[in-house]
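A short write-up of the structure that comes next.
Read the numbers this way: they start at 1 and go in the same order the structure lists the ligands and their atoms.
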Amino acid sequence: MPDSSISKFFEKDQKERLTIVKNFAGLSNEDLEILEKATGGISFDKADKMVENAIGTFSLPLGIATNFKINDKDYLIPMVIEEPSVIAAASKGAKIARIKGGFKVKADESFSIGQIQLLNVDSEKAISKINESSDEILEIANAQSNTLSKIGKGAKEVTCREIQTDSGPMLIVELLIDVGDAMGANITNSMCEAVSPLIEKITGGKVLLKILSNYSTRRIVKASAIFEKEAVGGEEVVDNIILAYQFAANDVYRAVTHNKGIMNGSIAVANATGQDSRAIEAAANAYAARSGQYRSLTEWSKDSEGNLLGKLELPLSVGIVGGIINVHPLAKICTKILGVESAKELAGVITATGLAQNYSAIRALATEGIQKGHMRLHARNLAAAAGANPQQIDEIVMRMTQENNISLNRAKELLDQI
Ligand code: NAD
């Protein structure tokens, strides 16, 4: 079993890091070549087919978080993110979680929800007609995907609920679809469109919208980890982390920032593996507000021995097939680095990374504050923005840190002096 706790990974150069990742994940020489070029992985021609009015491509850093053990399996986690300190924080959080066995994750089956907005009906009568025809509705839906049908997945249930609006009552017909290892947006939309004529025919109503819901509450993923008291910094630090969490659990201004930190970890993995990050964030934010108040997505408490216990629950709609995963070579390589074999496994990794990230952020905030570490890393960006080359960057960062004056102006002044 490969071990993801690689010592001093951050001190190695790109070639050494790539060799470690290649050996860990069994990458091919071709994979390595694509990574080494660091061009972002797609040509203009490909970009031009992906979006409209393309004029170029835009690349972001891809890094590796180390130390992750999830359900007793080691992972090197690819993360695509522009913000300094996130990958270091995830690796640090995973290192501490590892002491007590790492992360435990559990994901629901991949059920997506498709919505059909039905107008101009008596809801009670329409519900009864839809229930009577549910087998036929499911049959039409499932005819849209041979792949899902063949593997025993696909549309499984039709449900209805009435909503009240300023324009009167509406009936929302929902399809529950097991989309297997895909995000499933397109198949969900296709199924909703395919069944709509029958729904109109049997109810005499008018269908307006037919679309997937991104609030994927039937694809919940739970991650938890125990962070050993001593490694966290002792009882007082554990208590302060819980107090910091209580702030996020009960104040929306703090909760949004707290959850943004979770997204730093989760979205970076989602980006690396070619997921629809907007869908993940929209669902996560709605889930954070499910009690009626927007709260922290994580929960922090103490176990019976006084260790810190962290939990994160997310509605996650992700895939290892479909979308841009088949199109973007880096998304494919990053999925290979993770070695995930199902959408559920990927969802577990994304959630564990969010939890690791939240641990490190909340611990830093409850102790020395995040600025010290953050600014040290940010200093590199400032030195680069001032126009320094790699050798000059090291010296400028060292001097700005010593002087405790980390700013673009100071970086420019120091560059002039070198
Ligand atoms: P997709 O359209 O590429 O479909 C997945 C494909 O994988 C299907 O053809 C399916 O047959 C095939 N497949 C092979 N093996 C499978 C398996 N084991 N399980 C499941 N499918 C398998 O991709 P998608 O996941 O339907 O859609 C994702 C894309 O849709 C994303 O790029 C997303 O941005 C976009 N999208 C999102 C929304 C939204 O979020 N509201 C709406 C429309 C489109």
Exercise. Select the closest option to atom 24 (P) of ligand 1 among Gly184, Ser342, Gly322, judged by heavy-atom distance.
Key: Gly184
Quiz prompt | Contact bool for atom 44 (C) of ligand 1 (protein heavy atom, d < 4.0 Å) | solution = yes
Self-check item: Option nearest atom 39 (C) of ligand 1 (shortest heavy-atom distance, choices Val179, Leu212, Ile151)
Solution: Leu212
Quiz item: Is a side-chain N or O of Ser149 found less than 3.5 angstrom from the main chain of Asn142, in a donor-acceptor match?
Solution: yes
Self-check item: ligand 1 N/O within reach of Ala279 N/O, cut-off under 3.5 Å
Solution: no
Quiz prompt | Subset of ligand 1 atoms that lie under 4.0 Å from at least one heavy atom of Ile187 | solution = 26 (O)
Quiz prompt | Option nearest atom 14 (C) of ligand 1 (shortest heavy-atom distance, choices Asp181, Asn146, Thr147) | solution = Thr147
Exercise. For the pair Tyr359 and Phe227, name the ring-plane relationship: parallel under 30°, tilted 30 to 60°, perpendicular over 60°.
Key: parallel
Quiz item: For ligand 1, does Asn189 get within less than 4.0 Å through its side chain, its backbone, both, or neither, judged by non-hydrogen atoms?
Solution: side chain
Quiz item: Who gets closest to atom 31 (C) of ligand 1 by heavy atom: Gln275, Met183, Gln144?
Solution: Met183
Quiz item: In terms of atom number and element, which parts of ligand 1 are under 4.0 angstrom from non-hydrogen atoms of Gly180?
Solution: 19 (N)
Self-check item: Asn285 side chain vs Glu281 backbone, donor-acceptor pair below 3.5 Å
Solution: yes
Practice problem: Examine Gly323 against ligand 1 and note whether any of their N/O atoms are separated by less than 3.5 Å. | Solution: yes
Self-check item: Option nearest atom 29 (C) of ligand 1 (shortest heavy-atom distance, choices Asn214, Leu148, Asn186)
Solution: Asn186
Quiz item: Where the side chain of Thr66 meets the backbone of Ile6, is there a donor-acceptor pair that is under 3.5 Å apart?
Solution: no
Quiz item: For ligand 1, is Gly319 a contact, meaning one of its heavy atoms is under 4.0 Å away?
Solution: no
Exercise. For Asp276, take its heavy atoms, then give the atoms of ligand 1 lying under 4.0 Å from any of them.
Key: 33 (C), 34 (O), 37 (C), 40 (O)
